[in-house]
Q: 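Handing you this structure, nothing more for now.
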Amino acid sequence: MSFETVSVIGLGYIGLPTAAMFASRKKKVIGVDVNQHAVDTINRGEIHIVEPELDIIVHAAVTEGYLKATTKPEPADAFLIAVPTPFKSNSDNENGIPEPDLTYIEAAAKAIATVLKKGDLVILESTSPVGATEQMAEWLKEARSDLSFPQDNNIEPDVNVAHCPERVLPGHVVRELVENDRVIGGMTLKCSEAAIKLYKTFVKGDCVTTNARTAEMAKLTENSCRDVQIAFANELSIICDKLDIDVWELISIANRHPRINILQPGPGVGGHCIAVDPWFIVSKTPSEARIIHTARKVNDAKPGWVLNKVKLALANYLLDHKDKVASEVIIACYGVAFKPDIDDLRESPALNIVVELQKVHSGPLFIVEPNITTLPENLEIKSKLVSTKEALIHADIHVMLVDHKEFKKGDVSFLNKKYLVDCKGIWENSFVD
Ligand code: SAJ
């Protein structure tokens, strides 16, 4: 069992760094993506996403001939599938629970099936609902009845299949890919052994072996646990607002207890993982997953709560400035990414707040986002991308949404607290009452 050629299907935030890691260890890597722009960019030795240190690794891998990208799968010894697993659109069932959409996995499985051969290893890395790896193996088998698969109860199937979920943190992907422990969920023990051999090419962390279903559930459990913990912090922030208590001070005091570690409230939970993955548990076990379901609802409701706070600040401002009308009031929003110090706007609660604000506020909106150079199309109507300084000087209402490092510097104590909505508690405390 040797893996000289590795193919990574899906060259996004996980697939591209993973492909680059194998290539940096001098494996021949074939990256496959349906996005021609991504393929062309990578083949120029450049990257189409923002992730620290990745550009240098990809550039070296392409220049030295270890990494190439293409839109059509080619034969390889191991295939890693790292495609998105979103919700189905308009899929809410009668309980309002979104269902996972496995069509990208199905398409990737069918595409690689055409080039599979005896001895190959197929790994599903995409975060998936329990049972998805078995389903993927079925799709492979349907397409290639000439090969045997682990579900055939064959001790040595022609093709090994495993689920090895990615668990890296955006912004730290290059380091975490190497250092994190890896969950290896082979459909059989032999499948796990093959997968460990492959990952040990670059993984320094432990490779922890389990079965595919437990590996699927482990990934969902990690992200659901974080979602529940953030929901607790978000709920606290709403309770404290009602009771006139500074939630940031409260959490820092409570966290001095040796066994308490409360996370930080914010404008809601975003990204393509924590806000999505818990639903994969809830949709499979709706009657049992009660806390997980409630946490999702608490976090999803937070942007609406923030929006109401902004409306209140605007009402206060107009009460104090009788000579002004709403259309003259400039609201500045600081941060639209889904979390600090990244450019990723996907599933961003901050972005959703700004989009909604655009609908309800008749005046101009200033957006401060140091990590992007142009605004997304849906924000261009009456929003303007400005510097922190311009927003601080010219805006009337200030909405701190994402605690990017740029916002933590400088003095904001000249702002009027009545016209500030601080979702991250980094400016509120600059004021002396
Ligand atoms: N957030 C808070 N308060 C906090 C921490 C986070 O409101 O105290 C918010 C963030 O602002 C963001 C959201 O939660 O909107 C998610 O951010 P995150 O940093 O918690 O997680 P992600 O989505 O960037 O990455 C997570 C990680 N999972 C865990 O930490 C359990 C990462 O390890 C996974 O690989 C990744 O999901 C994934 O791909 O599934």
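For ligands, and for the atoms within them, numbers begin at 1 and follow the listed sequence. Numbers for residues simply follow the sequence, beginning at 1.
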Q: To the nearest 0.1 Å, how far is atom 17 (O) of ligand 1 from its closest protein heavy atom, and which atom is that?
A: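 Atom 17 (O) of ligand 1 sits closest to the protein heavy atom K339 CD, 3.8 Å.
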Q: Regarding atom 30 (O) of ligand 1: of the candidates R226, R346, K302, which has the closest heavy atom?
A: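 Among R226, R346, K302, the closest heavy atom to atom 30 (O) of ligand 1 comes from R226.
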Q: Please write down residue, atom name and distance for the protein heavy atom closest to atom 28 (N) of ligand 1.
A: N223 OD1, 2.9 Å
Q: Check for a donor-acceptor pair, side chain of H361 on one end and backbone N or O of V329 on the other, with a separation under 3.5 Å.
A: yes
Q: Is the contact between Q264 and ligand 1 made by the side chain, the backbone, both, or neither, using heavy atoms and a 4.0 Å cut-off?
A: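 Under 4.0 Å from ligand 1, Q264 contributes backbone and side-chain atoms.
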Q: Going by the atom numbers of ligand 1, which of them fall below 4.0 Å from some non-hydrogen atom of E166?
A: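 Once the distances to E166 are compared, the set is 35 (O), 38 (C), 39 (O), 40 (O).
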Q: Verify whether one side chain among K302 and S237 offers a donor that lies under 3.5 Å from an acceptor in the other.
A: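 The answer is yes; a qualifying pair exists.
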Q: Should G270 be counted as touching ligand 1, given the test is an N or O pair under 3.5 Å?
A: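 Indeed, backbone or side chain, G270 has an N or O that close.
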Q: If you measure from the Lys or Arg side-chain nitrogens to the Asp or Glu carboxylate oxygens, is any gap between R182 and E125 under 4.0 Å?
A: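 Salt bridge present between R182 and E125.
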Q: Drop me the distance from F407's CZ to D341's CG, to the nearest 0.5 angstrom.
A: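 Between atom CZ of F407 and atom CG of D341 there are 9.5 Å.
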Q: Where on E176 is there a heavy atom closer than 4.0 Å to ligand 1, on the side chain, on the backbone, on both, or on neither?
A: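 The answer is neither.
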Q: Using a 4.0 Å cut-off to any heavy atom of P170, which atoms of ligand 1 qualify?
A: 24 (O), 25 (O)
Q: In terms of side-chain geometry, is the basic nitrogen of E222 or R226 positioned less than 4.0 Å from the acidic oxygen of its partner?
A: no
Q: Please write down residue, atom name and distance for the protein heavy atom closest to atom 6 (C) of ligand 1.
A: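 Its nearest protein heavy-atom neighbour is I230 CD1, 3.5 Å.
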Q: In the protein, which heavy atom is nearest to atom 33 (O) of ligand 1, and how far is it?
A: R167 O, 2.8 Å
Q: Suppose we measure from atom 23 (O) of ligand 1 to each protein heavy atom; which comes out shortest, and what is that distance?
A: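 Looking at atom 23 (O) of ligand 1, the protein heavy atom closest to it is I274 CG1, 3.5 Å.
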Q: Could you tell me, atom by atom, which parts of ligand 1 come under 4.0 Å of a heavy atom of E222?
A: 31 (C)
Q: Checking a contact table here: which protein heavy atom is nearest atom 27 (C) of ligand 1, and how many Å away?
A: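 The answer is L169 CD1, 3.7 Å.
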Q: Looking at non-hydrogen atoms alone, which of C273, S348, A275 comes nearest to atom 38 (C) of ligand 1?
A: C273
Q: Is there a polar contact between ligand 1 and G271, counting only N or O atoms under 3.5 Å apart?
A: no
Q: Check V168 against ligand 1 and report side chain, backbone, both or neither, counting heavy atoms closer than 4.0 Å.
A: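 It is the backbone that gets close, since no side chain atom is under 4.0 Å.
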Q: Taking R175 first and then E53, would you say they form a salt bridge - that is, a charged N and a carboxylate O separated by under 4.0 Å?
A: no
Q: So, are E356 and K359 salt-bridged, with charged N and O less than 4.0 Å apart?
A: yes
Q: Counting only nitrogen or oxygen atoms and a 3.5 angstrom limit, does F338 reach ligand 1?
A: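 The answer is yes, given that F338 and ligand 1 share an N or O pair closer than 3.5 Å.
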Q: Quick one, V247 and D241 - any side-chain contact, counting heavy atoms below 4.5 Å?
A: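 No. Closest side-chain heavy atoms not under 4.5 Å.
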Q: Evaluate the criterion side chain to side chain donor-acceptor pair (under 3.5 Å) for residue pair E138 and Q151; output intermediate values, then yes/no.
A: CA-CA 8 Å; E138 276 308 304; Q151 66 268 37; 3.1 Å; yes
Q: Regarding ligand 1, does K219 bring an N or O atom to under 3.5 Å of one of the ligand's N or O atoms?
A: yes
Q: Taking both backbone and side-chain atoms of T127, is any N or O found less than 3.5 Å from an N or O belonging to ligand 1?
A: no
Q: How long is the straight-line distance from OG of S126 back to CG of L80, given to the nearest 0.5 Å?
A: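 Between L80 CG and S126 OG, I get 10.0 Å after rounding to 0.5 Å.
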Q: Looking only at non-hydrogen atoms, find the nearest pair between L263 and A233 and report the distance.
A: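 Between these two residues, the closest heavy atoms are O-CB, 3.3 Å.
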Q: Is it the case that more than 12 heavy atoms not belonging to K197 sit under 6.0 Å from its NZ atom?
A: yes
